[in-house]
2 protein chains.
Amino acid sequence: MHFTWKTGVGAAMLLASLAVHAGTEEGVASYYADSLDGNPTASGEPYDKGAMTAAHRTLPFGTEVKVTNLSNQKEVVVRINDRGPHAKSRIIDVSGAAAKKLELMDAGTAKVRLDYED
Amino acid sequence: MHFTWKTGVGAAMLLASLAVHAGTEEGVASYYADSLDGNPTASGEPYDKGAMTAAHRTLPFGTEVKVTNLSNQKEVVVRINDRGPHAKSRIIDVSGAAAKKLELMDAGTAKVRLDYED
């Protein structure tokens, strides 16, 4: 096969489309108010404050994301089952149980890194 | 009718139940990222950044809420069509169009008062 400009563009587009949901993001995390326990999430599952779940604006439901609190290096793996946060200043809202493991309950928010593969 | 202790308690409970969704709240508002335009809200309607809508954790869908930006007294009436914010540090997330009217886009958040009747 001749390697042409077209082949190169096609390969690049294929790689971009495969890689679109794998990667790393950094930003601010917050966590769910306890009062939401039992309310339906966007995936249809009720929110369970004891489960390791989170809301992300774009990742497919079911995606597992490693969340690292950059202020203390605590890590937790959460499963995306809800949409949000609405505010662009935050990249993820984690469940109460995940917030405890990340030790971000007192501060309410923390700078975090997300690592995921689709 | 004799006004008894029981009657008094009954009347108070009736009033409390009638009044449960009427009132005023103060807290922090944020607004939706533009990237959410077209995504489904919890009510099923797609989010429309040009519409006067908002997310609240508990008010029934369809409730009209007057939002006042307490830093500049700008007001807007929004219709609740989504659930959120997840974080208890905020009481409402308003649409992009509502955020423009309230002039809270630059700051990203603002202390607001909500007035509503159910």
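All values below were derived from every heavy atom in this structure, side-chain atoms included, with hydrogens, water molecules and symmetry-related copies excluded.
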With no hydrogens and no angle check, is any side-chain donor or acceptor of [X] less than 3.5 Å from a backbone partner on [Y]?
X	Y	result
B:Asn69	B:Leu102	yes
B:Arg83	B:His56	yes
B:Asp37	B:Lys49	yes

Chain A contact via B:Thr109 - side chain, backbone, both or neither, heavy atoms under 4.5 Å: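 Neither part.
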Region of A:Ala42 that comes under 4.5 Å of a non-hydrogen atom in chain B: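 Contact with chain B involves no heavy atom of A:Ala42 at all.
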Contact class of A:Asp82 relative to chain B, heavy atoms under 4.5 angstrom: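 A:Asp82 touches chain B through side-chain heavy atoms alone.
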Nearest heavy-atom neighbours spanning A:Ser43 and A:Asn81: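 Smallest interatomic distance, heavy atoms only, reads OG-O, 2.8 Å.
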